[in-house]
Amino acid sequence: MHRSVIAPQSISKGLYTRLLLRSAIFGIDKDLELVNLATEDKIISKSGAWYKYNDANVAQGLSNCAEWLSNNPEIKAKIKQEILANRGLE
């Protein structure tokens, strides 16, 4: 079984606690995890609270970036493929 992990060092303690509670109650948010993985792989970059994709600011804050991804299915699919390729899972 694959468990998804949120990197606590990348977000505030309060937000991390809220995310853990939310995931325990509602399940794992796939878009949030996709943002975390894309950030780890440097597909999406983070500068302060801003998330950038292709050098353009796309959202301020983790949950807003996840929402941006869910509203842009073509970009979401492309990012998902890049993550899989980077991890040798394609």
Check your understanding: Any side-chain heavy-atom pair from Asp31 and Lys76 closer than 4.5 angstrom?
Key ->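 With C-beta onward as the side chain, the pair touches.
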Point to revise | Asn86, Ile79, Asn36 screened by side-chain contact (heavy atoms from CB on, under 4.5 Å) with Asp41, the one that passes | key: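 Exactly one option meets the side-chain contact (heavy atoms from CB on, under 4.5 Å) with Asp41, and it is Asn86.
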Within this structure, what is the [atom1]-[atom2] distance for the pair [X] and [Y], rounded to the nearest 0.5 Å?
X: Trp68; Y: Tyr53; atom1: CH2; atom2: OH; value: 6.5 Å
X: Leu69; Y: Asn64; atom1: CG; atom2: CG; value: 11.5 Å
X: Ile43; Y: Ile75; atom1: CD1; atom2: CD1; value: 13.0 Å
X: Ser63; Y: Leu32; atom1: OG; atom2: CG; value: 7.0 Å
X: Gln60; Y: Cys65; atom1: CD; atom2: SG; value: 11.5 Å
X: Asn72; Y: Glu67; atom1: CG; atom2: CD; value: 10.5 Å

Review point. Run the side-chain contact (heavy atoms from CB on, under 4.5 Å) check on Leu62 and Tyr51 step by step: do they pass?
Key: CA-CA 8 Å; Leu62 178 61; Tyr51 287 82; 3.7 Å; yes
**Study point:** Pro73 to Ser70 - nearest heavy-atom pair and separation
**Key:** CD-O, 4.4 Å
Check your understanding: Looking at Ala59 and Trp50, what are the two nearest heavy atoms and their distance?
Key -> O-CE3, 3.2 Å
**Study point:** Ion pair Arg87/Glu40, N-O distance below 4.0 Å
**Key:** yes
Point to revise | From CA spacing to verdict: side-chain contact (heavy atoms from CB on, under 4.5 Å), Thr39, Ser45 | key: CA-CA 6 Å; Thr39 303; Ser45 61; over 6 Å; no
**Study point:** Trace of the side-chain contact (heavy atoms from CB on, under 4.5 Å) decision for Lys52 with Val58
**Key:** CA-CA 5 Å; Lys52 292 182 176 188; Val58 293; 5.9 Å; no
